[in-house]
Amino acid sequence: MRVFLRIVSYLFHPLFIPVAGTLAYFMITPKYSPLELQSGNVLPIFILTVIIPIIAYLILTNIGVVSSVFIPNIKERRYPLYINIVLLFMVVYKVIPNNYTIELYYYFVGLMGASVASLLLLFFNFKSSLHVTGMASISMFLVCLSIHFEKNITLALSLFILATGLVATSRLYLKAHSRPEVLIGLLIGLLSQLLTVRFWL
C-alpha cells in the first residue's frame, strides 16, 4: 500500500499540473486550435513549469537548500514556491498573450493565486498540501470547461476526482500532511479557480 501511494504522489506531483491543464484544455475545447497555437502554448509551458523547476530543484539540492522532492520542511518550501510563482507569472505575461486563449490565461492566473496563498500560509508556519491544491485546481478547471463548452466529460471528471482522493489519501497515509493541511490545500485549489471563473465563463 505504501509503495502504491508513493507512486501516486509522484504521478500527480504539482509539477505536472500546469501542463496537464493545458493539454486537457486542448482536448476538450471545441474551438479550432491549429497545431501552431497548441505547440505555441504547450512547449513553452512545459519548459517553464517542468524542465526549469527540475533544474532549479537539482541546484537547490546540490547547495543544500532542499532535501527532498516532496519538500517536507516549511522553510525549504518557500524557495520552490518563489520560483514557481515567477515561472507562472512568465507564462501569464509572456507565453499565453502570444497565443491567446482566455480559458488558459485565467487557469494560470488561478494557479499563480494558489501558489501565492500557499506561500503566505508558510509565513504563519502552516504548510498546505501542494499536491492536493494542484489536483483540486485542475479538477475545478475541468468542471468549468465542461459547463463553458457544454461538453459531457463525466468520465474524465470522475477520474480526476478519484485521483484527487487518492492523492489526499497518500499525503495522509505517508504522514506528509495533517488533515487540516490537506483540507486547506483542497480549498485553496478549488477557490483559486472559482474566483477566476467570472472573467471567462
Side-chain angles (χ1 to χ4, degrees), residues 11-56 80-119 128-161 163-164 167 185-201:
L11 286 177
F12 298 102
H13 195 279
L15 196 67
F16 305 123
I17 297 301
V19 174
T22 305
L23 292 172
Y25 169 76
F26 285 116
M27 290 173 67
I28 293 168
T29 180
K31 296 178 182 177
Y32 173 65
S33 302
L35 190 59
E36 292 81 8
L37 175 66
Q38 294 184 34
S39 59
N41 279 300
V42 174
L43 187 59
I45 287 170
F46 178 74
I47 292 169
L48 284 170
T49 63
V50 177
I51 302 299
I52 292 177
I54 289 174
I55 294 170
L81 276 172
Y82 287 137
I83 294 167
N84 187 52
I85 290 167
V86 170
L87 293 173
L88 288 174
F89 179 77
M90 288 177 67
V91 171
V92 168
Y93 186 67
K94 285 290 185 183
V95 177
I96 296 176
N98 291 334
N99 303 278
Y100 194 64
T101 46
I102 189 169
E103 298 88 356
L104 272 184
Y105 180 85
Y106 283 107
Y107 172 61
F108 278 92
V109 168
L111 290 179
M112 191 162 58
S115 295
V116 170
S118 300
L119 178 63
S128 58
S129 174
L130 298 177
H131 278 76
V132 177
T133 296
M135 291 304 296
S137 294
I138 193 169
S139 297
M140 181 53 68
F141 181 57
L142 290 179
V143 170
C144 295
L145 285 180
S146 177
I147 296 168
H148 182 52
F149 294 130
E150 298 181 354
K151 288 194 72 172
N152 184 355
I153 53 169
T154 307
L155 179 60
L157 287 174
S158 301
L159 291 173
F160 269 94
I161 291 169
T164 303
V167 169
L186 181 70
L187 290 174
I188 289 173
L190 295 175
L191 290 175
S192 63
Q193 293 300 317
L194 277 175
L195 289 173
T196 64
V197 162
R198 69 188 188 93
F199 297 106
W200 64 268
L201 188 61

Practice problem: Please step through side chain to side chain contact (heavy atoms under 4.5 Å, CB included) for the pair F108 and T196, ending with a clear verdict. | Solution: CA-CA 10 Å; F108 278 92; T196 64; over 6 Å; no
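- Residues in residues 137-151 take part in no salt bridge (Lys or Arg N to Asp or Glu O under 4.0 Å) pair, two or more places apart or across chains.
- One finds the CG atom of L43 at 11.5 Å from the OG1 atom of T22 (value rounded to the nearest 0.5 Å).
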Practice problem: Show your reasoning for whether side chain to side chain contact (heavy atoms under 4.5 Å, CB included) applies to I147 and V197. | Solution: CA-CA 11 Å; I147 296 168; V197 162; over 6 Å; no
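- The closest donor-acceptor contact from the side chain of S192 to the backbone of G189 lies under 3.5 Å.
- L195 pairs by the side-chain contact (heavy atoms from CB on, under 4.5 Å) definition with nothing, not counting sequence neighbours.
- At distances below 3.5 Å, at least one donor-acceptor pair connects side-chain atoms of S139 with backbone N or O atoms of M135.
- Using a 30° and 60° split on the angle between ring planes, F199 and Y106 fall in the parallel class, below 30°.
- V95 is linked by a side-chain contact (heavy atoms from CB on, under 4.5 Å) to N41, P44, I45, L48, V91, counting only residues two or more places apart in sequence or in another chain.
- A perpendicular orientation is assigned to the rings of F16 and H13, their planes being inclined by more than 60° (bins at 30° and 60°).
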Exercise. Decide yes or no on side chain to side chain contact (heavy atoms under 4.5 Å, CB included) for V143 and L157, but give the supporting numbers first.
Key: CA-CA 7 Å; V143 170; L157 287 174; 3.6 Å; yes
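- A 4.5 Å side-chain heavy-atom check between W200 and C144 finds at least one atom pair inside the cut-off.
- In this structure, H131 NE2 and L186 CG are separated by 14.5 Å, a value rounded to the nearest 0.5 Å.
- In this structure, L142 CG and S158 OG are separated by 11.0 Å, a value rounded to the nearest 0.5 Å.
- In this structure, T133 contributes its side chain and G185 its backbone to a donor-acceptor pair below 3.5 Å.
- Ring geometry for F149 versus Y25: interplanar angle of 30 to 60°, hence tilted.
- Among residues two or more places apart in sequence or in another chain, the side-chain contact (heavy atoms from CB on, under 4.5 Å) test is passed with I54 by L15, V50, L58.
- Residues F12 and T164 fail the side-chain proximity criterion, which asks for heavy atoms closer than 4.5 Å.
- L81 approaches S115 most closely through the heavy-atom pair CD2-O, 4.0 Å.
- What you find for S118 and I188 is that their closest heavy atoms are OG-CD1, 4.1 Å.
- Between atom CE of residue M112 and atom CE of residue M90 there is a gap of 12.5 Å, rounded to the nearest 0.5 Å.
- Every residue two or more places apart in sequence or in another chain was checked for a ring pair (Phe, Tyr, Trp, His ring centres under 6.0 Å) with Y82, and none qualifies.
- Taken from OG1 in T154 to CG in L159, the straight-line distance is 11.0 Å, to the nearest 0.5 Å.
- With hydrogens and angles ignored, the 3.5 Å screen pairs no side-chain donor or acceptor of Q193 with any backbone N or O of I138.
- Side chains of L23 and V42 form a contact here, defined as non-hydrogen atoms less than 4.5 Å apart.
- Distance check: F89 CZ to N84 CG gives 14.0 Å after rounding to the nearest 0.5 Å.
- Scored by the salt bridge (charged side-chain N to carboxylate O under 4.0 Å, His left out) test, K31 finds E103 as partners (sequence neighbours excluded).
- Using a 4.5 Å cut-off on side-chain heavy atoms (C-beta onward), F26 and L104 make contact.
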